[in-house]
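Ligands are counted one by one from 1 in listed order, and the atoms in each one are counted from 1 as well. Model, not experiment: these values are computed from the prediction.
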Amino acid sequence: MILVTGGAGFIGANFVLDWLAQSDEAVINLDKLTYAGNLENLASLQGDPRQVFVRGDIGDAALVGRLLAKHRPRAVVNFAAESHVDRSIHGPEDFIQTNIVGTFHLLEAVRAYWSGLADTEKNSFRFLHVSTDEVYGSLAKDDPAFSETHRYEPNSPYSASKAASDHLVRAYHHTYGLPVLTTNCSNNYGPYHFPEKLIPLMIVNALAGKPLPVYGDGQQVRDWLYVRDHCSAIRSVLAKGRLGEVYNVGGWNEKANLDIVHTICTLLDELRPRADGKSYREQIAFVTDRPGHDRRYAIDARKIERELGWKPAETFDTGIRKTVQWYLDNQGWVSHVQSGDYRNWVEKNYAGRA
Ligand code: NAD
Ligand code: DAU
């Protein structure tokens, strides 16, 4: 069996669902269920003995130690994190606590467990750390895409905390020999994406007749990857990645934010036209920029393709259409995640923006 952390969040839940759709190897899913964790994402696994869900914190080394001793997983895949840049600007502390201190305690518990394994199990054990392209900082328009050797230049409290966690993972390999793998992926999108992030926020606001808040001039560039392609990349790295190596994951899919919003409006105009016959583009509102906003991310994904033969299955056109359709088909999920906490966040992040 494998231990997945953060498996009730956006990417973690997609990973658990895909994993169990393709194999019968069981998953222990350790998740704190913060505002971003949602058991409804895993509803289709209810009663399925192949998933053992445990509510808990990766920073609770005693709990993690007990889970490892009891279930004896052959791998740990660490998704658990605070993940939203805007929240890290409003309040960085949780990011330091989970992404840095939490990863440290998790590594300590895993190191203790791994040290006690017999040689065969020890050699085949893996700790896979899921990280982000944001640790590399921001690119100018014509800079080459981030390779694995690009220097770390994180610019937000979120990316700085992820960078620190990447360094800890690296150090546990070099110092203790822990068999680690790290993936640094670009922006994901797809089902179960919490509507605080650009793509789901635009879809749910459009359908609710609310403004579509574009930060600054909307010309910041992100490199978008359909979430299930990220999951297949993680499975490849887990199965075939070289120990201690870093693999960048991306879809060669750079888009300016405003183009993303236009694409969503065009799809909604086709699939769920507004009652007044006007385009959803009418709802676009340019608002005050994010402080320290990174201008451009782009991933050079040649290493993972060359070494492991991984390539994304979706194009942006196919992935974004599936995503918009998923939100149209899952309005119940959308309304459940828009709790009181969600409304407080929207008020906090958007009320002060001109
Ligand atoms: P998310 O915010 O949707 O989910 C995070 C999950 O972790 C939630 O279920 C939450 O309850 C859980 N969690 C938070 N703190 C925890 C703790 N202390 N102990 C246990 N569980 C805890 O995040 P996501 O978008 O699914 O991202 C998952 C991982 O992938 C993160 O590490 C993130 O940095 C990384 N990543 C995300 C993207 C992206 O575009 N979303 C891209 C590259 C990398
Ligand atoms: O690059 C990978 C990262 O992508 C992950 O590590 C993060 O966990 C994930 O949240 C994401 O970070 P971003 O900051 O790029 O994603 P977000 O969806 O918050 O914003 C995408 C872009 O859209 C960014 O340039 C800011 C802009 N934006 C965002 C929001 C929420 C807007 O213009 N308006 C908005 O309301």
Look at ligand 1 and say whether [X] reaches it with a heavy atom at a distance under 4.0 Å.
X	value
F79	yes
G56	yes
S186	yes
Y158	yes
A8	yes

Query raised in the report: Is a side-chain N or O of R296 found less than 3.5 angstrom from the main chain of K141, in a donor-acceptor match?
Result: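 Yes, the answer is positive, given that a donor and an acceptor are paired below the 3.5 Å cut-off.
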
Query raised in the report: Which residue, S159, S161, S88, forms the side chain to side chain donor-acceptor pair (under 3.5 Å) with N99?
Result: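 Single pass found, and it is S161.
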
**Report entry** N/O separation below 3.5 Å, H230 to ligand 1
**Finding:**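 In fact, backbone or side chain, H230 has no N or O that close.
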
Query raised in the report: Quick one: does D31 get an N or O within less than 3.5 Å of an N or O on ligand 1?
Result: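 Yes.
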
**Report entry** Cation over ring face, R272 and Y280, 6.0 Å, 45°
**Finding:**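 The answer is no, since R272 fails at least one limit relative to Y280.
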
Nearest-neighbour protein heavy atom for [atom], which is reported as residue plus atom name and distance:
atom	answer
atom 37 (C) of ligand 1	I11 CD1, 3.4 Å
atom 36 (O) of ligand 2	Y350 OH, 2.6 Å
atom 23 (O) of ligand 2	N257 ND2, 3.3 Å
atom 25 (O) of ligand 2	H293 NE2, 2.6 Å
atom 44 (C) of ligand 1	S131 O, 3.1 Å
atom 15 (N) of ligand 1	T98 CG2, 3.5 Å
atom 1 (O) of ligand 2	D133 OD1, 2.5 Å
atom 33 (O) of ligand 2	Y215 N, 2.9 Å
atom 5 (C) of ligand 1	A81 O, 3.4 Å
atom 19 (O) of ligand 2	R290 NH2, 2.9 Å
atom 19 (N) of ligand 1	I58 N, 3.0 Å
atom 7 (C) of ligand 2	S83 O, 3.4 Å
atom 18 (O) of ligand 2	L198 N, 2.8 Å

Are a donor atom and an acceptor atom from the side chains of [X] and [Y] found within less than 3.5 Å of each other?
X	Y	value
Q283	R274	yes
D133	S186	no
H193	N188	no
W310	D229	no

Query - Nearest option to atom 1 (P) of ligand 1, as decided by whichever heavy atom of S83, G6, G37 sits closest - result: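 It is S83 that holds the nearest heavy atom.
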
Requested in this report: Pick, from Y35, F194, F10, the option with the minimum heavy-atom distance to atom 25 (O) of ligand 1.
Outcome: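 Heavy atom nearest to atom 25 (O) of ligand 1 belongs to F10.
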
Enumerate the atoms of ligand 2 whose separation from the nearest heavy atom of [X] is less than 4.0 angstrom.
X	value
V214	33 (O)
E196	31 (C)
K197	10 (O), 18 (O)
Y158	5 (C), 6 (O), 7 (C), 8 (O)
H84	19 (O)
V85	14 (O)

Taking the basic N atoms (NZ, or NE/NH1/NH2) and the acidic carboxylate oxygens, is any pair closer than 4.0 Å for [X] and [Y]?
X	Y	answer
R72	E121	yes
R302	E305	no
K32	E82	no
D217	R295	yes
E307	R242	yes

Query raised in the report: Using the ring of each side chain (for Trp, its six-membered ring), is F146 parallel, tilted or perpendicular to H150, with breaks at 30° and 60°?
Result: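 Taking H150 first and then F146, their aromatic rings stand perpendicular (interplane angle over 60°).
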
**Report entry** Mutual orientation of the aromatic rings belonging to Y350 and Y215 [parallel < 30°, tilted 30-60°, perpendicular > 60°]
**Finding:**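 Judged by the thresholds at 30° and 60°, the geometry between Y350 and Y215 is tilted.
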
What about [X]: any of its N or O atoms under 3.5 Å from an N or O on ligand 2?
X	result
Y297	no
L201	no
R222	yes
N187	yes
T132	yes

Query raised in the report: Can L328 and L268 be said to form a side-chain contact (heavy atoms from CB on, under 4.5 Å), step by step?
Result: CA-CA 9 Å; L328 288 171; L268 286 173; 4.2 Å; yes

Requested in this report: Pick out which of F10, W326, F15 makes a ring pair (Phe, Tyr, Trp, His ring centres under 6.0 Å) with Y192.
Outcome: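 Among F10, W326, F15, the one meeting ring pair (Phe, Tyr, Trp, His ring centres under 6.0 Å) with Y192 is W326.
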
Query raised in the report: Is the number of heavy atoms from other residues, nucleotides or ligands within 6.0 Å of NZ (K311) greater than 12?
Result: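 No, because the 6.0 Å sphere around NZ of K311 holds 12 heavy atoms or fewer from other groups.
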
**Report entry** More than 12 heavy atoms from other groups under 6.0 Å of NZ on K210
**Finding:**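 Incorrect, the count does not exceed 12.
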
Query raised in the report: Given the rule in the ring-ring contact (aromatic ring centres under 6.0 Å, His included) test, do H84 and F194 qualify, once you have shown the distances and angles that lead to the verdict?
Result: CA-CA 10 Å; H84 189 31; F194 193 76; 8.6 Å; no

Query raised in the report: Can you check whether Y113 and F125 have ring centres sitting under 6.0 Å from each other?
Result: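 Aromatic pair counts; centres sit under 6.0 Å.
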
Query raised in the report: Backbone, side chain, both or neither: what part of H84 comes under 4.0 angstrom of ligand 1, heavy atoms only?
Result: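 Answer for H84: neither.
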
**Report entry** Side chain, backbone, both or neither: N99 near ligand 1, heavy atoms under 4.0 Å
**Finding:**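 Near ligand 1, N99 shows nothing, with every heavy atom at 4.0 Å or more.
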
